[in-house]
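Heads up, the thing below is written out as structure tokens.
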Amino acid sequence: MEHIRTPKVEQVKLLDRFNNKTTTGTLYLTATHLIFVESNVPGAHEIWILHHHIASVEKLSLTTSGCPLLIQCRNFRVVHFVVPRERDCHDVYSSLLRLLRPVSYDELYAFSYNPKQNEQQREVGWQLIDLTAEFERLGLPCDQWQLSDVNRDYKVCETYPRDLYVPITASKPIIVGSSKFRSKGRFPVLTYFYQEKKAAVCRCSQPLSGFSARCLEDEHMLQAISKANHNSRFVYVMDTRPKLNALANRAAGKGYENEDNYSNIRFQFVGIENIHVMRASLQKLLEVVGTRSLSVNDYLLGLESSGWLRHIKAIVDAAIFLTKAVTVEGASVLVHCSDGWDRTAQVCALGALLMDPYYRTLKGFMVLIEKEWISFGHKFADRCDQLDGDPREVSPVFTQFLDCVWQLMEQFPQAFEFSEWFLIQLHEHVHSCQFGNFLGNSQRQREELQLKDRTYSLWAHLLSEQHNYLNPVYSPSFAERHPVLEPSTQPWNFKFWRNMYHQFDRTMHPRQSILKHTLTLKESNSKLEDTAHTLQAKLQTLGVSTSPLELHSWSREHRLPPRPQSLILGAPLSRKEAQQEEEVLGEEALEDAPDGNGGERTVEGSSATENGYGELQSSFSSKNEPAMVSLEFGVARMTC
Amino acid sequence: MTMEFSEHIKTANVDDVVLKLPLRPALKGTLCVTAHHLVFSERKEEGSYQLLLLLRSVDAIEKSVENLLGYPQYPSAGPGQRMTGLSGSSGTIVIKCKDLRILQFDIPGMEECLNVASSIEALSSLESVTELYPFFHRPRELSLSEPWGLSSPQQQYAQTERLWDRWRLSKVNRNFSVCMSYPRTVIVPCAIDDITLAKAASFRQGGRFPVLCYYHRSNGMVIMRSSQPMTGANRKRCREDELLLQAAIDESEMGYIIDTRSAQQAQQARMAGGGFESKAFYHHWRRLHRHLERGKVLQESLIKLVEACGDPSQNMDRWLSKLENSKWLSHVHSALSTAGLVAECVERDGHSVLVHGFEGTDTTLLVTSLAQLILDPASRTFRGFLQLLEREWVQAGHPFRQRCAHSAHSHARLRQECPAFLLLLDATWQLGRQFPLALEFSEVLLLRLAQDAYASDYGTFLCSSEQERCALQVKENTHCLFQFLLRREEREKYVNPLYEATDLAIWPSVHPQSLQLWTGGQNMPKPWTRLEKRSGLL
């Protein structure tokens, strides 16, 4: 709290970034959140911004109406405040600067967040997702693959998990030798097993081959992987980098597998760009879509020049290649990039999602993320900028993965048990540092931080409100008919994910949400069922015998939890983590506020004024809008 | 079959034809050419596939023949295979349909192939309207005595009681003598008599004087439409036209004229005898210009879009730049935002609006009908939407015959083709995407209408005006598509299961990020493409 100089500023204006709408309200600064509450409106609109979500704060030059403060968030929210007094603005600004750059893990929200659970509940929460059970589900260990204890103490590879599955013929010296020949010691290990064809998906980092170096143990290792699969005489080695990048790495003593040295491999580049290109691409994308009065042509050209959809397609293409090799050819595949924790995670995870319907369920998807991303050491702390660190390490690799999953959901609306809202929540929490799951860069580091004892698990939280994340049109029988998804890679199937990147821009969204509608129907259905039960019970007490109604026995515990208010669901903008912060504001302040926009009766927040079809305010001098400070903004940047 | 048709058919039946459809396995069967259809039946005992293609829906046909003796195209075919015509020769015809389907037929025998191709070419471009299939389509379940059409200005007037004190029905156009492209009756201000109307009509291009097309119940404001005034280079004026517009609003009120041309285009139009309403003579009207593309530009945009979709390279950047280059989404954007502006004038600012461009038969109708969808809950129902299309497009004289003569594949020189109606359906689809509960009909109806506007079993979209329809006795000799769609068993195919009526206006978001390319479902590259055989005959 010592960083907060001014906890409350009144008469602050909030400017909408796409139209001339302004809202006046009060700004509160707490230890964890920046809160804006609209004043003098029943059912006032509130904005809660977690400090960890803030990517950058900018103080723009002073204007006649006050001092503008531009805040850009990692969840793609951009807010533009105008604070009447320069001093207040400066206080908020400097407090935020300090608060948004935590220097040690202890400062992260997860260590102070308390969802009012006891120790036992916390422990149970951490046990919900169990990777040992997952490998069992895949039929492992089996006659060809075994669990190795070589990394039990993180000695061989400190960024890998303790439990690793390797071919039974890979002895300890082979593993150790191979790991010495691989960048960061990340030797080839199994990550997914396609039981039908006994084909394995393995992952590793690049070999330290330089221009000519060889490693017999590494060659043995690949041979062992190949031999473990009787369906195919060779292993595909997918280098997910563009060939040029891989070539350049050779000069640094790294590189890629030489097909001449590895007798049984088929080598393939797939050309996904590196973290720096991806960072720049998203930045460019956000700049484009953050432009005010963007024309359709500039939008499409900007979309093209950002390259974002091209990158998304490259990842999907790679995952399709992987899937075909495994499911059609029955070959095992070894996937790597440079260090094997970014592109490799993307491709392996997406490939598994295409191959195995289990991962398309809510829980299965958590398992997938736990496995491919968390346990195999995707550097969440660095990539998501959790602590004040090297900005060149920040990159939207995980965001891209979620984007790819969304593209698949668009193509196969019935295939996923969860909705896009679930993906957006995941993205939110990868950056929120509210739960322990994504903190740190590796399992080892997480153990050192004692996260399981000191923080709560996101999975438990998400599972407890899973009703909110279910896809109403999910069909398990679709999964039976299509165990392996075969997405089309025609370019028009790759779309800009508006609900993610414009999550908080209300004017962008469809004004009615099918998702919300279905949830409402379900809620009212369960209420009606409750009423039926009550009435039935009453009849019984009155001694009237009835034929029991055929109802699902929904007890009180089964009642749906309150729905989160979100734009994706079509509800008005509002707080998210408010439940934990009752001390600041009353609970029931903002149940649905249908008439929230100035008494104008329109559908779900759709409004003529916000769309700017024309400049009618200048006409007939009747309805002049208040004079506006014209500021060149709307350029959203992620400082990453 | 009359003589004229059979003249065109030299080979009526060909066996062992292979049909190739995108994303489907090839089928083998018999191809048959009839006066109005191409029929393909797969030769299989059970569950055989049949395709019935209306010849009118053929937009372009490409043929190639090979005479490669000794290289039979299908060596794997059964031993009983009979080679017809020149042995060893074969041909391929690719049919590109107006609804953007692409079918390929491999035909054994060069001569047969050429015969079939020339029959298709001739029969798909019959000139006379009365030779077209709707005049021959006689399904058992329909009778010609059933009512034709759903709505008329009379009905609209009769149903809107609140119109009665200020608006009247006029039969000034009963012989189509005042305006060739208007229906016989129109709704006009009470204060204006038929003589004044006729004079005002002579001041408007094509005689399309301002008429009422929508009455906004909540505030009594109206939307009217017309063509451009013929002010010419000398700034001619017409008292009657001024009176007519003045009578549409109160003394104290103001109205908006939404001109669908740019200010510059409107200026230039004066050189060709056209023009715009000058502020000096129309005191109570304020003109706003919103440039919408029309005619050839729109047609070329569609052609480019379809080309972009057909690009075999799966390159993302190339796709985006081709999509941008087609400008199709820009046109969707302009249509929606101009309609939004009209609706905003009416609902939010409480002013009446007159919409026109040049002829008042294309972009004008696009804007007035979209504005009604935004404002009027009645037009969002299944029947209401069809009524809207009937009033604003069919009866209001959208020249379907010229505009929908060809679609995106045709190699024919462009004449008056323009996908304005398709643009309306696309913009309606966008509304449906943004308000998935607000429309009673689904995307399937829009696809069906798109298909039928270009080629149909029904007479609804034939001809370009009511006058033409009367002269050719379309209503007496064809069935009405709208009536057919409203039959219970048909209707079920097209309703939106999520529909929940709302009285409110549905303001679409017009941010580029909110618009989407309409691909017509099923991962098909094109709007309105369906592979299934048409419902109907077989």
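Here is the naming used below: chain letters follow the sequence lines, and residue numbers restart at 1 for every chain.
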Next on the checklist: Is it the case that the ring center of H427(A) lies less than 6.0 angstrom away from the ring center of F76(A)?
Outcome noted: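 Yes.
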Next on the checklist: For E253(B), I'd like to know if atom CD has over 12 heavy atoms of other residues, nucleotides or ligands within 6.0 Å.
Outcome noted: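 Count over threshold, so yes.
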Next on the checklist: Taking NZ in K495(A) as the centre, count heavy atoms belonging to other residues, nucleotides or ligands within less than 6.0 Å. Is the count above 12?
Outcome noted: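 Yes, because the 6.0 Å sphere around NZ of K495(A) holds more than 12 heavy atoms from other groups.
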Item to check | Which atoms of F494(A) approach chain B - backbone, side chain, both or neither, heavy atom under 4.5 Å | outcome: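 Both backbone and side chain.
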Checklist entry - Given that the side chain runs from C-beta out, which part of S305(A) has a heavy atom under 4.5 Å from chain B: side chain, backbone, both or neither? => result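 Neither the backbone nor the side chain of S305(A) comes within 4.5 Å of chain B.
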Checklist entry - Should H216(B) and E347(B) be marked as a side chain to side chain donor-acceptor pair (under 3.5 Å) after you check the CA-CA gap, both sets of side-chain angles, and the distance that decides it? => result CA-CA 8 Å; H216(B) 195 53; E347(B) 155 86 19; 2.8 Å; yes
Item to check | For chain A, the option from R433(B), K327(B), R318(B) that forms the most heavy-atom pairs under 4.5 Å | outcome: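 Most heavy-atom pairs under 4.5 Å with chain A: K327(B).
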Checklist entry - For the candidates A343(B), A438(B), P436(B), which exhibits the highest count of non-hydrogen atom pairs separated by less than 4.5 Å from chain A? => result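 Of A343(B), A438(B), P436(B), P436(B) has the most heavy-atom pairs under 4.5 Å with chain A.
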Next on the checklist: Between N325(B) and chain A, with a heavy-atom cut-off of 4.5 Å, which part of the residue counts as in contact: side chain, backbone, both or neither?
Outcome noted: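 Answer is neither: N325(B) stays 4.5 Å or more from chain A.
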Checklist entry - Going through the checks in order, is the side chain to side chain donor-acceptor pair (under 3.5 Å) test met by H291(B) and Q265(B)? => result CA-CA 9 Å; H291(B) 178 63; Q265(B) 275 182 323; 2.9 Å; yes
